[in-house]
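Accompanying notes for the structure given below.
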Amino acid sequence: MVDAVRQIAGQIPVVIFPGSQLQVSKNADGILFLSLISGRNPDYLIGQQIAAAPKISKLGIEVLPTAYLLVNDGEITSVHAVSQTLPILNSQSNLVKDTALAGHFLGMKYVFLDAGSGAKSSISPSNQIGQAGGSLPCNCRRGDRYVGD
């Protein structure tokens, strides 16, 4: 899959978003090293990362430490079912902000907000992205060091 994307991307670096340690690829230029910090499932907080770390280290690809937050209006999408976690509600902007800030304090340089595939409600850019990026000391914003939905 990475090779097919690379053919289309040309010289643009290919960064992967793995769903598990089984999706790490030597053909990628970088990897979003995700920790699902909006949930409390230890497998997605740290378990998958421990399993993937030796392989990523051997590959030598760029690692982008990323706080992954599921945010929507309470819908259960495929990502919620697989990760066995519930989303932070769109209306809980302070919790989104505080969770992103905790990720920053844990050393994560990027924040990825995700409503989940097929979600009927998206993440409000004026609410969630502004709240999460506007309070982080690392100045994480769209187009800077922010990865959005």
Side-chain angles (χ1 to χ4, degrees), residues 1-2 5 9 12-25 27-57 59-149:
M1 178 63 93
V2 173
V5 171
I12 299 170
V14 176
V15 177
I16 58 174
F17 180 115
S20 78
Q21 53 95 13
L22 299 174
Q23 296 174 339
V24 173
S25 172
N27 299 325
D29 297 302
I31 183 170
L32 293 179
F33 199 70
L34 303 162
S35 181
L36 180 55
I37 64 172
S38 63
R40 302 298 177 261
N41 182 337
D43 194 42
Y44 290 97
L45 279 167
I46 192 66
Q48 290 290 322
Q49 297 78 356
I50 291 168
K55 182 176 182 181
I56 294 168
S57 180
L59 294 177
I61 61 177
E62 184 176 0
V63 176
L64 305 169
T66 307
Y68 183 31
L69 285 72
L70 299 174
V71 182
N72 70 27
D73 287 333
E75 294 177 74
I76 303 302
T77 64
S78 58
V79 70
H80 304 107
V82 170
S83 67
Q84 298 176 356
T85 62
L86 297 174
I88 298 173
L89 298 177
N90 268 321
S91 62
Q92 297 175 301
S93 59
N94 283 339
L95 182 55
V96 173
K97 175 184 68 175
D98 294 347
T99 305
L101 185 59
H104 168 71
F105 289 154
L106 287 167
M108 297 173 188
K109 296 180 182 176
Y110 303 90
V111 175
F112 193 104
L113 303 176
D114 187 8
S117 298
K120 293 177 184 158
S121 61
S122 63
I123 299 165
S124 169
S126 62
N127 184 20
Q128 308 305 338
I129 293 171
Q131 288 290 334
S135 65
L136 298 181
C138 64
N139 195 26
C140 298
R141 297 191 192 289
R142 191 178 287 250
D144 182 8
R145 293 184 349 184
Y146 179 83
V147 182
D149 67 349

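At least one donor-acceptor pair under 3.5 Å links the side chain of Ser83 to the backbone N or O of Val79. Put simply, the side chain of Glu75 gets close to the backbone of Lys120: a donor and an acceptor are under 3.5 Å apart. Side-chain atoms of Asn41 never come within 3.5 Å of backbone atoms of Thr85 as a donor-acceptor pair (strictly under, hydrogens ignored). Looking at Ser35, its side chain does come within 3.5 Å of a backbone N or O of Leu45 through a donor-acceptor pair. Side chain of Gln23 to main chain of Gly19: a donor-acceptor pair is present (N/O by atom type, distance under 3.5 Å, no hydrogens or angles).
Side-chain contact between Gln48 and Asp43 is present, with heavy atoms from C-beta onward closer than 4.5 Å. Considering only heavy atoms from C-beta on, Val71 stays 4.5 Å or farther from Ser38 through its side chain.
Residues Gly103 and Ala67 come closest through the heavy atom pair CA-CB, 4.3 Å. Among all heavy-atom pairs drawn from Ser25 and Ile16, the shortest one is N-CD1, 3.6 Å. Nearest heavy-atom pair across Ala52 and Gln21 is CB-CB, 3.5 Å. Taking each heavy atom of Asn90 and Ser121 in turn, the nearest pair found is ND2-OG, 4.0 Å. Here the closest heavy-atom approach between residue Pro18 and residue Ile31 is recorded as CG-CD1, 3.7 Å. The two residues Val63 and Pro65 come nearest to each other via the heavy atoms O-CD, 3.4 Å.
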Fill in: Worked verdict on Leu36 versus Leu70 for side-chain contact (heavy atoms from CB on, under 4.5 Å)
CA-CA 8 Å; Leu36 180 55; Leu70 299 174; 3.6 Å; yes

Practice prompt. Check step by step if side-chain contact (heavy atoms from CB on, under 4.5 Å) holds for Tyr44 and Tyr68.
Written response: CA-CA 10 Å; Tyr44 290 97; Tyr68 183 31; over 6 Å; no

Worksheet entry | Ser117 and Thr77: CA distance, side-chain angles, deciding distance, side-chain contact (heavy atoms from CB on, under 4.5 Å) verdict | CA-CA 6 Å; Ser117 298; Thr77 64; 5.6 Å; no

Discussion item. Asn72 vs Asp114, test: side-chain contact (heavy atoms from CB on, under 4.5 Å). Steps then yes/no.
Written reply: CA-CA 8 Å; Asn72 70 27; Asp114 187 8; over 6 Å; no

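With rounding to the nearest 0.5 angstrom, the CG atom of Leu95 is 4.0 Å from the CD1 atom of Ile88. To the nearest 0.5 Å, atoms CG (Asn94) and CG (Leu101) are separated by 11.5 Å. We find the OG1-CG distance between Thr66 and Leu32 to be 4.5 Å, quoted to the nearest 0.5 Å. Phe105 contributes atom CZ, which lies 10.0 Å from atom CG of Asp98 (distance to the nearest 0.5 angstrom). Note that the CZ atom of Phe17 and the CG atom of Leu64 stand 12.5 Å from one another [nearest 0.5 Å].
The local environment of CG in Leu22 is crowded, with over 12 non-hydrogen atoms from other residues, nucleotides or ligands closer than 6.0 Å.
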